[in-house]
Amino acid sequence: MAAPQRYRLRAPASGREVVLALDNSREATERAYYDRVTGERLEVVSKLVPLASSPSNLPRTPETLRICPHCDELVELDLSDCPYCKRRMPALGADS
């Protein structure tokens, strides 16, 4: 049985967010989820890494990291600016 995929959902008006683990990706888009506090309908914003197909449950795995060419720190793959040296990193797939 596949591990459940985790999704980040957000209430548009208040900006409140919640993370839910769902067994079926189709369920995430077809069901309606509501914020317990505000009662707003939540929208699916993104899938969280690692993806359900990964054997790891850690948010940072070698597959989701890269090395900043300026300060040599490990940085999440989806960031454009390094959080350590604050410099812009080259686009993914670009030769540096």
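All residue numbers in this chain count up from 1 along the given sequence. Here the structure is a predicted model, which is why all the values come from computation and not from measurement.
No side-chain donor-acceptor contact under 3.5 Å links E76 and T64.
Grouping Ile, Leu, Val, Met, Phe, Trp and Tyr by side-chain contacts under 4.5 Å, direct or through others, puts L79 with V75, Y84, M89.
Between E17 and R8 there is a salt bridge, since a side-chain N of the basic residue sits under 4.0 Å from a carboxylate O of the acidic one.
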Candidate pair V19 and Y7, rule side chain to side chain contact (heavy atoms under 4.5 Å, CB included), full reasoning: CA-CA 6 Å; V19 173; Y7 291 88; over 6 Å; no
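Atom CG of L77 is separated from atom CZ of R66 by 6.0 Å, given to the nearest 0.5 angstrom. Expressed to the nearest 0.5 Å, how far CG of L42 lies from CZ of R36 amounts to 10.5 Å. In this structure, the separation between SG on C82 and NE2 on H70 is 8.0 Å, given to the nearest 0.5 Å.
The list of salt bridge (Lys or Arg N to Asp or Glu O under 4.0 Å) pairs with a residue in residues 83-93, not counting sequence neighbours, reads D81-R88.
V18 is connected to V44 through a chain of hydrophobic side-chain contacts under 4.5 Å among Ile, Leu, Val, Met, Phe, Trp and Tyr, so both are in one cluster. A continuous path of hydrophobic side-chain contacts links L65 to I67 [ILVMFWY only; heavy atoms under 4.5 Å].
Across every non-hydrogen atom of R41 and R31, the tightest pair is NH2-O, 4.3 Å.
At least one donor-acceptor pair under 3.5 Å links the side chain of E40 to the backbone N or O of A13.
The shortest distance between side-chain heavy atoms of P12 and E43 falls below 4.5 Å. L20 is not listed as a side-chain neighbour of R6, based on a closest heavy-atom distance of 4.5 Å or more.
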